[in-house]
Amino acid sequence: LLLGGTKDYTQVIPADASVVVSVDVPAVMRASGLAGKTPDELKSIADKIYNPAMKALVGDPAGTGLSLKDKAYLFASVNKDEPTLVFKVADKGKLEKTFKKLIADGMCDAIEDHGAYEWTLFHGIGYCAFNKRVLMIVSGSDIAPDNAMVRIRDLMKEGKRDCILSVPAFKHLETTNAEMNVYL
């Protein structure tokens with residue numbers, strides 16, 4: 001098992017992350033008014049969005065394969081990595097279907113299989129890697145592919161003692177109820 005025997009998607013966040021922002025996705029959806037919308041209303045809103053990835057997320061949130069019941073995280077480490085966005089994967093099959101649509105729309109390259117995870121380049125955004133538990137978007141499309149792949153591989157392999165779950169301050173952050181929390 002790649003992630004040290006646990007299924008926690010936050011295990012890809014390194015213990016030495018200098019900043020971690022947690023986003024309570026359900027609370028943000030409620031605050032934005034999206035949580036109360038019907039599927040037809042969501043589709044109507046999505047039709048006005050140019051970006052195909054955002055259009056998919058707003059138009060059919062459950063159909064993306066991402067868990068919108070769990071927090072999303074943005075993290076970075078000083079001089080070590082680019083800002084990285086993390087989502088929990090709810091349904092890898094739906095996520096792969098979403099990527100097929102994004103590839104057809106020209107948003108990203110074809111998916112490459114690396115065994116324990118798959119990855120692609122989001123045009124103008126950065127690298128994206130995912131497996132059945134986690135989706136990571138590493139910001140910065142100007143990063144050399146080899147460097148990005150080493151970083152993604154290392155993050156995907158992190159053990160429980162090497163990840164943010166071993167940091168007491170992060171545990172405290174997780175118990176604080178707010179739409180967004182920041183750990184520095």
Side-chain angles (χ1 to χ4, degrees), residues 1-29 51 53-54 56-58 61-62 64-78 80-96 98-99 102 107-108 111-112 114 116-122 124-141 143 147-167 169-184:
L1 197 58
L2 252 188
L3 297 178
T6 182
K7 295 186 182 206
D8 194 326
Y9 69 111
T10 60
Q11 199 162 339
V12 298
I13 303 171
D16 67 351
S18 55
V19 64
V20 179
V21 178
S22 71
V23 179
D24 185 339
V25 177
V28 171
M29 289 182 69
N51 181 302
M54 287 302 297
L57 191 58
V58 171
T64 63
L66 298 176
S67 173
L68 300 180
K69 295 177 182 171
D70 294 283
K71 292 180 181 179
Y73 296 90
L74 178 66
F75 72 88
S77 301
V78 176
K80 195 166 188 182
D81 59 54
E82 300 297 329
T84 302
L85 184 60
V86 176
F87 287 95
K88 182 176 183 180
V89 172
D91 184 321
K92 188 176 179 217
K94 287 181 180 179
L95 182 62
E96 289 171 336
T98 298
F99 271 104
L102 294 174
M107 288 290 297
C108 60
I111 302 294
E112 292 187 29
H114 281 261
Y117 62 92
E118 298 172 65
W119 79 280
T120 186
L121 174 64
F122 264 121
I125 297 171
Y127 294 89
C128 179
F130 63 93
N131 60 25
K132 67 182 180 181
R133 287 184 295 282
V134 63
L135 174 128
M136 292 189 304
I137 300 172
V138 180
S139 178
S141 54
I143 305 169
N147 293 343
M149 291 317 304
V150 167
R151 184 67 178 150
I152 289 168
R153 183 200 65 220
D154 290 349
L155 291 172
M156 287 288 200
K157 291 188 336 183
E158 290 217 324
K160 198 169 186 175
R161 289 177 291 188
D162 301 325
C163 75
I164 199 73
L165 296 173
S166 67
V167 178
F170 181 76
K171 292 175 187 173
H172 176 70
L173 171 87
E174 289 299 276
T175 62
T176 305
N177 290 328
E179 289 174 8
M180 297 180 92
N181 287 314
V182 178
Y183 160 82
L184 296 170

Chemist: Do Lys92 and Glu118 touch side chain to side chain, with heavy atoms closer than 4.5 Å?
Modeler: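 Yes, their side chains come closer than 4.5 Å.
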
Chemist: Could I get the full list of side-chain hydrogen bond (donor to acceptor under 3.5 Å, both in side chains) partners for Ser22, not counting sequence neighbours?
Modeler: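 Checked Ser22 against side-chain hydrogen bond (donor to acceptor under 3.5 Å, both in side chains); zero matches.
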
Chemist: Once you round to the nearest 0.5 Å, how far does NZ of Lys69 lie from CG of Asp24?
Modeler: 13.5 Å

Chemist: Would you compute the distance between atom CZ of Phe170 and atom CZ of Phe75 and round it to the nearest 0.5 angstrom?
Modeler: 10.5 Å

Chemist: Nearest heavy-atom pair of Ile152 and Ala129: which atoms, and what distance?
Modeler: CG2-CB, 3.4 Å

Chemist: Any idea which heavy atoms bring Ala76 and Pro83 closest together, and the distance?
Modeler: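 Smallest interatomic distance, heavy atoms only, reads CB-CA, 4.1 Å.
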
Chemist: Answer yes or no: is there a side-chain heavy-atom contact under 4.5 Å between Val182 and Val19?
Modeler: yes

Chemist: Can a donor-acceptor pair be found, under 3.5 Å and without considering hydrogens, that links the side chain of Gln11 to the backbone of Leu165?
Modeler: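 Side chain of Gln11 to backbone of Leu165: no pair is present.
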
Chemist: Could you tell me whether the side chain of Glu158 reaches within less than 4.5 Å of the side chain of Ile13, counting heavy atoms only?
Modeler: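 No. Closest side-chain heavy atoms not under 4.5 Å.
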
Chemist: Whether the side chain of Ser67 engages the backbone of Phe87 through a donor-acceptor N/O pair (distance < 3.5 Å, no angle test) should be reported.
Modeler: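 No.
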
Chemist: Are any non-hydrogen side-chain atoms of Leu95 and Leu66 less than 4.5 angstrom apart?
Modeler: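 A side-chain contact exists here, since the closest heavy-atom pair is under 4.5 Å.
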
Chemist: Taking the side chain as every heavy atom from C-beta outward, state whether Tyr117 and Val134 have any pair of such atoms under 4.5 Å apart.
Modeler: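 No, every pair of side-chain atoms sits at 4.5 Å or beyond.
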
Chemist: Tell me whether the centres of the aromatic rings in Tyr9 and Phe130 are closer together than 6.0 Å.
Modeler: no

Chemist: Give, for atom CD of Glu112 and atom CG of Leu121, the distance between the pair rounded to the nearest 0.5 Å.
Modeler: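 So the CD of Glu112 and the CG of Leu121 are separated by 10.0 Å.
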
Chemist: Measuring from Thr10:OG1 to Arg133:CZ, what's the distance to the nearest 0.5 Å?
Modeler: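 Nearest 0.5 Å value for the OG1-CZ distance: 11.5 Å.
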
Chemist: Quick check: do Leu135 and Cys128 have side-chain heavy atoms less than 4.5 Å from each other?
Modeler: yes

Chemist: Decide yes or no for His114 and Met156: does some side-chain heavy atom of the first lie under 4.5 Å from some side-chain heavy atom of the second?
Modeler: no

Chemist: Any idea which heavy atoms bring Ala116 and Asn131 closest together, and the distance?
Modeler: O-CB, 3.3 Å

Chemist: Starting at CD of Glu174, measure out to CD1 of Ile164 and round the result to the nearest 0.5 Å.
Modeler: 9.5 Å

Chemist: Answer whether the closest heavy-atom distance between the side chains of Val12 and Met136 falls below 4.5 Å.
Modeler: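 Heavy-atom side-chain distance check passes, below 4.5 Å.
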
Chemist: Test of understanding: with side-chain hydrogen bond (donor to acceptor under 3.5 Å, both in side chains), list the residues that count as partners of Asp162, not counting sequence neighbours.
Modeler: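 Asp162 satisfies side-chain hydrogen bond (donor to acceptor under 3.5 Å, both in side chains) with no residue once adjacent residues are dropped.
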
Chemist: Measuring from atom CG of Leu85 to atom CG of Leu74, what distance do you get when rounded to the nearest 0.5 angstrom?
Modeler: 6.0 Å

